[in-house]
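Numbered from 1 within each chain, the chains take letters A, B, ... in sequence-line order.
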There are 2 protein chains.
Amino acid sequence: MKTEKDKVDAIKNGEKHFLHHLSIDCVLFGYHEHQLKVLLLQWKHSGKWSLPGGFIKLDETLEESAKRILKERTGLDDIFLQQFQSFGDPKRSHRSKQDIETLAIVSGSLIDETHWILKRTVSIGYYAVTEYSKVTPRPDPLSEICEWWDIDELPQLVFDHNIIVTEALKALRLQIYHQPIGYNLLPEKFTLPEIHALYETILGKELDRRNFAKKLISLGIIKKLDEMRSIGAHRSPFLYKFDKRKYDKALKEGIALAF
Amino acid sequence: MKTEKDKVDAIKNGEKHFLHHLSIDCVLFGYHEHQLKVLLLQWKHSGKWSLPGGFIKLDETLEESAKRILKERTGLDDIFLQQFQSFGDPKRSHRSKQDIETLAIVSGSLIDETHWILKRTVSIGYYAVTEYSKVTPRPDPLSEICEWWDIDELPQLVFDHNIIVTEALKALRLQIYHQPIGYNLLPEKFTLPEIHALYETILGKELDRRNFAKKLISLGIIKKLDEMRSIGAHRSPFLYKFDKRKYDKALKEGIALAF
DNA sequence: TCAAAAGTGTTCAATGTACACCCATGC
DNA sequence: GCATGGGTGTACATTGAACACTTTTGA
C-alpha cells in the first residue's frame, strides 16, 4: 500500500516512474439495493470533482495500473474491470492556473507549465463494478473527499470526465447483453431477487421477474440450490449460485441476452 | 501530402512533434467480392510485416491521427473508422537490434536504445473498412511493400499485431450486429446481392438471402429504387439505396441484428 | 435454349412478452 | 390475519430459420 509520502513523491519524481502523456481513468460503478453510483474524488483547494485516475508505471500493464488505482481508492482486489475507450482530445486535460497551484502546494514541489504532469494526456478509460456497501472510499493525496455519487445526480466534473462516465455506462450496458455479470458483485450464494435487482439497476429499467429468471436459468449460468435465505418477515427466497464453468464459457464466448 | 523527407525527418526530430509512449495502429479491412483482406506493410531490411501505424501529433485528436495515417497509406478520406482497444503490455513493442539498425539506416540518423521511438509504447487500435479495389496501397518510408493480405492467411506480424488484428475483427463483427455498415463501402446505389455479400464476408458465414433482405428492409435502412443494374448475361437486380435518415438513427441508437 | 444469377413467400419452431394468483414469513 | 415480498406457468405474438421454384438476361 502506498503512503501519502510515496504519492507526493510521485508528483515530484514521477517523471522517471510513469509514462508521460498517458493516464488511466476509472469509472467505478457502485451497486447497492437498486441504486447505481459512481466513485468521485474532490480535489483539494479547487473543490472540483473528478474520477479516480492515475499514471501508468513503466513496468506495469494497463490493466495492472487500473487495478492498482482502484485498489488504492477502495481496498478491493477482485473487481470486474474492463477497458472501454481512450480519450485523446488535445484540449481535454487542460488545467487551470488554480489547479497547477494546487498541485504545487500539495506536492511541495515546483510545478510550472513544463511539468510532465501538465502535458497533453491521453486517458485510457476503464470501468469497474462493485458492491458499494463493501467499500470504504479513500481519498488520494490530492483530494479531500472520496465518495459515491448517484449516477443521475453527478456534479460537473473536471476535464471530459462527464463524457467518460457517459461512455462507460453505455459500454457497461452494451456489455451486459453479451457477457454475464455478477460474479464479483453478488455473494457466492444469492437469490433471484438479488440478481434481478442488479440487472435492473445497471440497465436502468424494469425487467419482468419471471422472464428474467427463465432466461438466466435456461442459459445455465445460474443454478438453484436446496437452501433458502431468511429475509425476515417474508417468504424465504431460494438461493442460487453461478455455474462457474458455464459462466466462464459465456464470458469468453459471449451470450445473447435480450431483456 | 507528406514527402519521404518529411517522414524521415519525423524519426530524427519527431521528439518535438509527436506524443511519446503512444502510437496508433490501424487494421484496415479491405472488402471485395467475397474476400476480406488486411492492409500490411513490409519493413525494409528485416522483411517483417506490420500494420500501418504512426505517432500522434501534439495538436491532433486520436481520430485525426488515425485518419491521417490511413490517408497516407491509401489516399482515402472518408473511411468507416472505429477506435476499438488500446494495447499496452510493457513488452509488446520490443524491437530487435536489427530493427533498430534499420531505423537508423533509413532515417540516416543516430538511433540508440534511448531514442524516443524505442520507448515503451501503448498503441491505440483503430479499425476501418474500405472497398479495396478503390485503393492503391502506398508504402511508407520505412517499408518496401504495402499490400493486401487475405484475412485467413496472414503472416506472422511484428510485436502484438496479430493479436490486434484478431481483436479488431472481433470488434468489427460485434459492431455489425449493433450498427449498420455499408455507407462508405458500397456505391450510392447498390443491389441486394452486393450488400448481402458484404455482410457475409465480414461475418465470415453464409446468410440466407431472403431472410437477410427481409430484415434490412423491415428495419427501413435500405429502400428499393425503380432502377436496375445491368450485370451482363443475367437477370438484372434492383438497385437500393440507404435511407440516410434511418441509417444515421440506427448508427446512433443502435439496432439489434441477429443473423 | 441454356447457364447463371436474382426475385420472391410460406411454414414451422423457437423465443420473447405479457400477465395474475398463491405461498411463506414474522409481526 | 395481514402486509410484504417471493414463487410459479400459460397463452399469444413475434421473430428466426429453413426451404425451392420461377424469372430474367445475354451468349
Colleague: Taking for each residue the nucleotide of DNA chain C with the nearest heavy atom, is it B/Asp208 or A/His234 whose nucleotide lies nearer the 5' end?
Modeller: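 Checking each residue's closest nucleotide, the 5'-ward one belongs to B/Asp208.
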Colleague: To the nearest Å, how far apart are B/Phe212 CZ and D/dA17 P?
Modeller: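 The answer, rounded to whole Å, is 14 Å.
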Colleague: With respect to the side chain of A/Asn211, which nucleotide from D/dG7, C/dT17, C/dG9 is positioned closest?
Modeller: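 It is C/dT17.
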Colleague: Is A/Lys244 close enough and on-axis enough to A/Tyr183, meaning under 6.0 Å and within 45°, for cation-pi?
Modeller: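 So A/Lys244 does make the cation-pi contact.
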Colleague: Between C1' on C/dG7 and OH on B/Tyr240, what's the gap in Å once rounded to a whole number?
Modeller: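 One finds 9 Å between C1' of C/dG7 and OH of B/Tyr240, rounded.
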Colleague: Please state whether the phosphate of D/dG16, meaning OP1 or OP2, lies under 4.0 angstrom from any side-chain nitrogen or oxygen of B/Lys215.
Modeller: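 Looking at the OP1 and OP2 atoms of D/dG16, one of them is under 4.0 Å from a side-chain N or O of B/Lys215.
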Colleague: Starting from P on D/dA17, measure out to CG on B/Leu207 and report it in whole angstrom.
Modeller: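 For the pair B/Leu207 CG and D/dA17 P, the rounded distance is 10 Å.
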Colleague: Taking only the side-chain heavy atoms of A/Phe238 (C-beta and beyond), determine which of D/dG7, D/dT24, C/dT25 contains the nearest atom.
Modeller: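 From the listed options, D/dG7 comes nearest.
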Colleague: Look at the side chain of B/Leu192 and decide which nucleotide, out of D/dG5, C/dG7, D/dG7, has an atom nearest to it.
Modeller: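 Of the candidates, C/dG7 comes closest.
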Colleague: Rounded to whole Å, how long is the line connecting atom CD of A/Glu33 with atom P of D/dG5?
Modeller: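 My rounded result for the distance is 12 Å.
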Colleague: Would you call the rings of A/Phe259 and A/Tyr199 parallel, tilted or perpendicular, where under 30° means parallel and over 60° means perpendicular?
Modeller: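 A/Phe259 vs A/Tyr199 ring planes: perpendicular.
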Colleague: Answer yes or no: does atom NZ of A/Lys134 have more than 12 heavy-atom neighbours from other residues, nucleotides or ligands under 6.0 Å?
Modeller: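 Atom NZ in A/Lys134 is packed in, count exceeds 12.
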Colleague: Within this structure, what is the CZ-to-C1' distance between B/Arg209 and D/dA18, rounded to whole angstrom?
Modeller: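 B/Arg209 atom CZ is separated from D/dA18 atom C1' by 14 Å.
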Colleague: Expressed as a whole number of angstroms, how long is the span from A/Leu225:CG to D/dG7:P?
Modeller: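 Rounded to the whole Å, the gap is 13 Å.
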Colleague: Check whether the side chain of B/Arg210 and the base of D/dA20 form a donor-acceptor pair under 3.5 Å.
Modeller: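 A donor-acceptor contact between them is present.
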Colleague: Would you call B/Arg68 and B/Glu64 a salt bridge, using N to O less than 4.0 angstrom?
Modeller: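 Salt bridge between B/Arg68 and B/Glu64, a charged N being under 4.0 Å from a carboxylate O: no.
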Colleague: Quick one: sort the A/Phe84 and A/Tyr127 rings into parallel, tilted or perpendicular, breaks at 30° and 60°.
Modeller: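 Answer is tilted, since the angle falls between 30° and 60°.
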Colleague: Go through D/dA27, C/dA5, D/dG6 for me and flag the one nearest to the B/Ala233 side chain.
Modeller: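 The answer is D/dA27, which lies nearest to the side chain.
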Colleague: Of the options C/dC23, D/dA27, C/dG26, whose atoms approach the side-chain atoms of A/Arg235 most closely?
Modeller: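 It is C/dC23.
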Colleague: Nearest to the A/Ala258 side chain among C/dT25, C/dG7, C/dG16, which nucleotide is it?
Modeller: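 The nucleotide sitting nearest to the side chain is C/dG16.
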Colleague: Is the shortest side-chain N/O distance from A/Lys214 to OP1 or OP2 of C/dA14 below 4.0 Å?
Modeller: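 The answer is no; no side-chain N or O of A/Lys214 sits under 4.0 Å from OP1 or OP2.
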Colleague: Could you check how far CG of B/Leu257 sits from C1' of D/dG16, rounded to whole Å?
Modeller: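 It is 13 Å, rounded to the nearest whole Å.
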Colleague: Go nucleotide by nucleotide along DNA chain D from the 5' end; which of B/Met228 and B/Phe259 gets its closest nucleotide reached first?
Modeller: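 Per heavy-atom nearest nucleotide, the more 5' residue is B/Phe259.
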Colleague: Separation of B/Ile217 atom CD1 from C/dA6 atom P, in whole Å?
Modeller: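 Rounded to the whole Å, the gap is 15 Å.
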